[in-house]
2 protein chains.
Amino acid sequence: MADNYSLPDKVHVAVDVVLFTIQRSELKVLLVKRLIEPFAGGYALPGGFVLADESLEHAAMRELQEETGFKAHYLEQLQSFGDPGRDPRGRVVTVAYFALLPSEQTIQPGTDAVEAGWFSAHAAPALAFDHDRILAVALRRLQWKLDYSGVGFDLLPDRFTLSELQAVHEAIHGHPLDKRNFRRKLEAGNQVAETNEMKPTGRKPARLYRFIGPR
Amino acid sequence: MADNYSLPDKVHVAVDVVLFTIQRSELKVLLVKRLIEPFAGGYALPGGFVLADESLEHAAMRELQEETGFKAHYLEQLQSFGDPGRDPRGRVVTVAYFALLPSEQTIQPGTDAVEAGWFSAHAAPALAFDHDRILAVALRRLQWKLDYSGVGFDLLPDRFTLSELQAVHEAIHGHPLDKRNFRRKLEAGNQVAETNEMKPTGRKPARLYRFIGPR
DNA sequence: ACAAAAGTGTTCCATATACACCCATGT
DNA sequence: ACATGGGTGTATATGGAACACTTTTGT
């Protein structure tokens, strides 16, 4: 770490959170409406500045909670974005986070501070700052993680049917999957265990499963 | 992005660079000796503070160049580290970068500003700050990228033998690979093309290859 | 009875792994 | 001539992809 340079006190650090959920088998992302300039009236990812004594993760959780009322079920760092000029107010480096919310909890957000809402993740409106780019990176990461870890479970309640889980995967990848292949892979992965409970579906009842093992 | 919070002007932004190279079939990482407190006399990753009007990538390249004289062949963002307390001087969020240098260029670094040197990446000394953690993350990323992209080529001169390339993979993964399987996978990947040149090896000459196609 | 989603196996193909010998050169 | 690393093929195991019918319930 160089000590032979004076500190540039004008660089600020923010966090932004890409919170995904599933609603009616569609992948949604949480956006907030900006009330003030710049980009007033436009949509942006929830986020804000990091406080002097909190970790980056804490800042991400706090901003999400304060701005939208939601508490993410899964949170991981995505990438940092710091091009000069990405924020017209000054030099802001943002650490982007990627978060998931189980579908049961996606009630409409409490409009405490700002207007927030769920938008189709695959067809989101144009966003403020470089948030389009951040969203695109988050989407790719989500698709990737889905195949290589059990991250899909964080989008469902703790008891779920296999068809519901498959719908999550289909919504994220944007194309249909083969039911039998999907189930075989799940068995092999030892990530789900059946329960004794059945879910009445209106037609033939479906067995409920629960998540086990490491994600 | 929250506007209802005053900006915490005490958060500084730095970059740190994990520069890998191959020397005598061993994976090495570039470390600098710290001349002043904190951690004076200890080793650390090269890095320093981001200037007000440069991109994060630019800061990474600049600090590497200034501190060690090296110019990375490949540079990509790794992850950001920002726990309060990671730097005893104050609140510093660092954006870590991951970089590669072809083995031909790993002459001893110019000791302009600080003492720098190459250390075994798998058995590096204890590092200042949280740089051990950063190095560990970089190593995992390197191993991962090696299998899923042509990143290994950035560690070799632009003409290389297949045995040299295999040695790079073995050094990074830390275990031997099967020669025929390794070569078959390369062919399938369409990432290398043979040249007409042969490299005299002291024994049977080896064909030189060059990198083609996307990495 | 019928509509609708739940559940269940097999075949085929591609990719990964294990393994051993001859070749060309410099000394 | 011999020592050294360069170069080459085959057989087996494993994982992914394609594909259709029966079952159970509510109406």
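The analysis underlying the following values was restricted to heavy atoms, covering all of them including side chains, and did not include hydrogens, waters or symmetry mates. From a predicted model like this one, the values you see are computed outputs, not experimental measurements.
- For D:dG7, one of the phosphate oxygens OP1 or OP2 lies less than 4.0 angstrom from a side-chain nitrogen or oxygen of B:Arg183.
- The distance from the CG atom of B:Leu186 to the CD atom of B:Gln191 is 7.5 Å, given to the nearest 0.5 Å.
- Within the 4.5 Å cutoff, the side chain of B:Leu19 has no heavy atoms near those of the B:Leu45 side chain.
- Closest heavy-atom contact between A:Asp154 and A:His73: OD1-ND1, 3.0 Å.
- Whole-Å rounding puts the B:His173 NE2 to C:dT17 P distance at 11 Å.
- Using a 4.5 Å heavy-atom cutoff, the side chains of B:Phe160 and B:Val192 are in contact.
- Counting distance only, with no hydrogens placed and no angle test, the side-chain atoms of B:Arg184 and the base atoms of D:dT10 include a donor-acceptor pair under 3.5 Å.
- Centroid-to-centroid, the aromatic rings of B:Tyr43 and B:Phe119 come within less than 6.0 Å.
- Contact annotation: the side chain of B:Leu78 approaches that of B:Val137 to within less than 4.5 Å [non-hydrogen atoms, C-beta and beyond].
- Proximity of residues 156-164 of chain B to DNA chain D (heavy atom under 4.0 angstrom from any strand atom) is restricted to B:Ser163.
- Judged by distance alone, with hydrogens and angles left aside, B:Arg180 brings a side-chain donor or acceptor within reach of the base of C:dA20, the pair sitting under 3.5 Å.
- Ring pair B:Phe20/B:Trp118: centre-to-centre distance not below 6.0 Å.
- Comparing atom distances between the B:Ala206 side chain and each of D:dG7, C:dA6, D:dG9 picks out D:dG7 as nearest.
- When distances run from any side-chain atom of B:Asn181 to the nucleotides C:dC19, D:dC19, C:dG7, the shortest one goes to C:dC19.
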Nucleotides 2-4 of chain D: which of its N/O atoms have a protein N/O under 3.5 Å away?
none

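- Residues A:Gln77 and A:Leu56 approach most closely at NE2-CD1, 4.4 Å, considering heavy atoms.
- Taking atom CG of residue A:Leu208 and atom C1' of nucleotide C:dA6, one finds them 13 Å apart after rounding to whole Å.
- Between the side chain of A:Lys185 and the base of D:dG15, no donor-acceptor pair under 3.5 Å is found.
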